[in-house]
Amino acid sequence: MRFRAAAALGCFVALITVPMSAFAGVPSSILRANDPNDTVNIDGLGGAHGYGLAMDGVEGEADHGFDHDKILSLFYPGTTSSHFGGTVRVWLAEGGAQHFTLPGGGAVLSGASGPKLAALNPGGRITVSESGGALKIATSGAQAASNTADDHAAATAPPNPVFTPNPTERPAPTPLATLVPTARPIVKPKPTPKPTEKATPRPSSAPALQTKNSVYIVPAGYPALTTVATTGHSYRGTIEIRRAAAGSVRVINHVDLETYVDGIAEEKGAGWPPQAMDVLAVAARSLAASTMTWYTTHHGEGYDICNSDKCQVYLGYDGEDGPMRAAQAATAGVIRTYNGSPILAMYHGNGGGQTETYGPQYPYLKSVKYPFADPYHWHVSTTFSKIEDQLRASNKAVPDPLELLRVLKRGDSPRVESLELAGGRDAKETMRGTDFASALDLPSTWFYFSANGSKAPVKVSAATLSAPSGGFGSDVVRSSLPGAQGPLWPTLVIVSLLVFVVVTSTTYAIREPLVLTRLRTLDLRIFGLRLRRHHPPR
């Protein structure tokens with residue numbers, strides 16, 4: 001009996017443990033390909049960072065009769081209007097040799113107020129490179145050649161900004177003009193006969209000019225423009241080329257603030273109402289004004305603001321259009337201030353109906369629900385496997401295998417501020433929501449998780465403008481065992497019981513050859529019964 005019970009129990013335990021250990025030993029990479037439990041759905045609202053002014057709200061408020069001052073007060077609470085003017089320095093490009101074309105001709109100066117290195121005819125070209133701590137200048141189409149410039153010519157800083165808090169009268173719009181960052185008037189070069197082939201340096205010839213100062217290109221003509229080969233765009237104002245590092249130069253556009261606003265090419269829709277364009281003009285001017293004054297991050301590098309979406313998209317003359325010029329003229333000089341200083345007027349495309357709080361040091365950049373929104377709804381269907389790959393490609397630490405995504409903290413909008421990644425060997429990693437969204441190329445950090453077969457799938461709508469209760473959409477778990485939540489466990493139990501009966505019967509057959517004749521005395525104590533021979537009554 002002991003042998004039979006031990007054998008049966010051993011078989012039952014083996015049937016339970018072998019399938020589980022077999023599945024547990026399968027690497028997760030094998031389970032990734034067709035495992036439906038590996039799917040992750042990410043649904044979200046809005047685009048970009050969500051700070052400050054939302055363009056979809058600007059259009060909606062303007063369509064409903066809000067003027068630009070009321071719209072700006074909505075998105076930048078606590079701010080007031082003031083006036084500001086000056087020359088803004090815009091980073092355009094950086095790297096090796098830089099090439100420029102002057103459609104209307106112009107001059108090349110050593111330093112802002114230094115000697116003239118060359119005068120160029122219309123269509124003249126300039127190449128500036130760095131070598132040995134000095135700038136090398138090669139020209140094509142120059143009117144005259146010059147000897148090496150005086151290295152001691154002093155450069156002059158751009159004019160100081162003019163800031164007038166709460167003026168009684170609005171200043172007249174600044175006319176379009178070529179600006180040099182110095183008080184000296186512009187002296188246009190006099191036309192001269194076309195130079196001979198012998199007097200024109202070939203592009204392959206060695207640079208004839210050099211200076212240790214910054215080089216300033218002052219274009220002529222109307223409009224007075226300089227085309228920068230690296231960006232492919234033309235710009236009004238003055239172009240400064242300064243040494244950035246060994247073998248590298250930096251290109252900076254010195255331009256009047258109003259002309260700069262004309263060239264802003266941020267996201268805006270065709271047919272926008274004039275009030276919406278006015279809002280964009282004031283916001284762009286305010287952001288530039290803050291970088292010209294207190295936001296001095298790049299002042300040590302010789303510029304105030306960059307030309308890309310990392311700062312503010314600026315395409316110079318190529319970004320100018322009728323509606324933007326009209327908005328600039330209608331709001332000339334107007335900026336928004338907080339406690340007397342130009343605000344860091346951040347803005348973005350679609351806010352999803354609510355903006356996000358940026359930080360306590362910027363009280364005017366706090367979460368705002370705006371009434372006339374056009375929320376952008378988006379959906380991404382991916383897998384844990386793909387998420388692992390994308391995060392590692394972005395040099396992020398990821399548990400292997402990744403088994404859990406959980407939102408730890410949401411902001412006021414409620415965009416994701418931080419989340420937890422958990423997985424193999426109890427590994428856990430904490431990641432910023434912005435880093436996660438960037439690695440997965442998500443439109444924004446306002447998102448929710450769900451998995452296939454969820455009892456309460458995430459459905460994001462325009463009404464979802466506050467953090468749902470109960471952790472809704474805050475985490476998603478990856479199953480490490482295919483079908484673990486399906487019919488696998490009941491099947492294992494049934495099969496195990498059947499095999500138990502078969503093995504027990506086989507054990508009896510081996511020990512008792514006359515099993516068929518002795519069934520009447522079969523011991524079935526496992527069921528609490530005993531069969532005995534039936535004797536008829538005498």
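We use all heavy atoms of the structure for the numbers below, so side chains are in, but hydrogens, waters and symmetry mates are not. All of these numbers come straight from a predicted model, not from anything done at the bench.
Just one of Ile126, Thr101, Ile217 meets the side chain to side chain contact (heavy atoms under 4.5 Å, CB included) condition when paired with Thr226; it is Ile217. Among the candidates Tyr303, Tyr235, Tyr216, the single residue satisfying the ring pair (Phe, Tyr, Trp, His ring centres under 6.0 Å) test with His254 is Tyr216. Only one option out of Tyr370, Tyr347, Tyr51, Tyr358 pairs with Phe75 in a ring pair (Phe, Tyr, Trp, His ring centres under 6.0 Å); it is Tyr370.
Between Phe436 and Phe447, the distance from one ring center to the other falls under 6.0 angstrom. Taking the six-membered ring wherever Trp is involved, the centroid distance between the rings of Tyr314 and Tyr260 falls below 6.0 Å.
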Worked check of side-chain contact (heavy atoms from CB on, under 4.5 Å) between Glu320 and Arg325: CA-CA 7 Å; Glu320 297 179 15; Arg325 285 174 177 166; 2.6 Å; yes

Worked verdict on Glu301 versus Arg242 for salt bridge (Lys or Arg N to Asp or Glu O under 4.0 Å): CA-CA 10 Å; Glu301 300 169 276; Arg242 62 165 53 198; over 6 Å; no

Val279/Met277 under side-chain contact (heavy atoms from CB on, under 4.5 Å): CA gap, chis, key distance, verdict: CA-CA 5 Å; Val279 170; Met277 294 300 300; over 6 Å; no

Residues Val334, His83; criterion side-chain contact (heavy atoms from CB on, under 4.5 Å); working and verdict: CA-CA 5 Å; Val334 177; His83 284 82; 3.5 Å; yes

Residue pair Leu391, Leu421: steps toward the side-chain contact (heavy atoms from CB on, under 4.5 Å) verdict: CA-CA 11 Å; Leu391 291 175; Leu421 290 72; 3.3 Å; yes

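Remark: the Thr331 side chain and the Asp278 side chain contain no N/O donor-acceptor pair separated by less than 3.5 Å. Side chains of Thr445 and Thr434: a donor-acceptor N/O pair is absent below 3.5 angstrom, by distance only. Of the N and O atoms on the side chains of Thr230 and Gln98, at least one donor lies less than 3.5 Å from an acceptor on the other residue. A donor atom on one side chain and an acceptor atom on the other are not found under 3.5 Å apart for Glu61 and His64. A donor-acceptor contact under 3.5 angstrom links the side chains of His299 and Asp304, judged on distance only. Side-chain N/O atoms of Ser110 and Thr211 include a donor and acceptor closer than 3.5 Å. Residues Gln354 and Ser367 bring a donor and an acceptor atom of their side chains to less than 3.5 Å of each other.
The main-chain N or O of Gly46 is found under 3.5 Å from a side-chain atom of Trp378 such that the two form a donor-acceptor pair. When atom types are taken as modelled, the side chain of Ser394 and the backbone of Gln390 share a donor-acceptor pair closer than 3.5 angstrom. The main-chain N or O of Arg236 is found under 3.5 Å from a side-chain atom of Asn253 such that the two form a donor-acceptor pair. Proximity of a side-chain donor or acceptor of Ser308 to a complementary backbone N or O of Lys310 within less than 3.5 Å is detected. With hydrogens and angles disregarded, a donor-acceptor distance shorter than 3.5 Å links the side chain of Ser444 to the backbone of Leu45. A donor-acceptor contact shorter than 3.5 Å links the side chain of Thr79 to the backbone of Tyr76. Judged by distance alone, with hydrogens and angles left aside, the side-chain atoms of Asn350 form no donor-acceptor pair with the main-chain N or O of Asp56 at under 3.5 Å. Judged by distance alone, the side chain of His348 and the main-chain N or O of Leu53 form a donor-acceptor pair under 3.5 Å. Judged by distance alone, with hydrogens and angles left aside, the side-chain atoms of Ser286 form no donor-acceptor pair with the main-chain N or O of Ile335 at under 3.5 Å. Using a distance-only test at 3.5 Å, with no hydrogens or angles considered, a donor-acceptor pair links the side chain of Trp294 to the main chain of Pro342.
In this view, Asn307 satisfies the side-chain hydrogen bond (donor to acceptor under 3.5 Å, both in side chains) rule with no residue, not counting sequence neighbours.
Between Glu258 and Arg285 there is a salt bridge, since a side-chain N of the basic residue sits under 4.0 Å from a carboxylate O of the acidic one. The existence of a salt bridge linking Asp435 and Lys396 is confirmed by a sub-4.0 Å separation between a basic side-chain nitrogen and an acidic carboxylate oxygen. The pair Lys136-Glu130 fails the salt-bridge criterion, with no side-chain N (NZ, NE, NH1 or NH2) lying under 4.0 Å from an Asp/Glu carboxylate O.
Between Arg415 atom CZ and Thr357 atom OG1 the span is 10.0 Å, to the nearest 0.5 Å. For the atom pair CG of Leu408 and CE of Met431, the computed distance is 11.5 Å after rounding to the nearest 0.5 Å. To the nearest 0.5 Å, atom CD1 of residue Ile239 and atom OG of residue Ser234 are 9.5 Å apart. Summarising the geometry, atom CH2 belonging to Trp272 is positioned 10.0 Å from atom CG belonging to Asp63; distances are rounded to the nearest 0.5 Å. Put simply, OG1 on Thr291 and CD1 on Ile305 are 4.5 Å apart, with the number rounded to the nearest 0.5 Å.
Sorted by first then second residue, the salt bridge (Lys or Arg N to Asp or Glu O under 4.0 Å) pairs that include residues 68-88, not counting sequence neighbours, are Asp69-Arg336. Note on residues 220-233: no pairs pass salt bridge (Lys or Arg N to Asp or Glu O under 4.0 Å), not counting sequence neighbours.
For OH of Tyr362, the number of neighbouring non-hydrogen atoms (other residues, nucleotides, ligands) closer than 6.0 Å is greater than 12. Enclosure of atom OH in Tyr364 by more than 12 non-hydrogen atoms of other residues, nucleotides or ligands within 6.0 angstrom is indicated.
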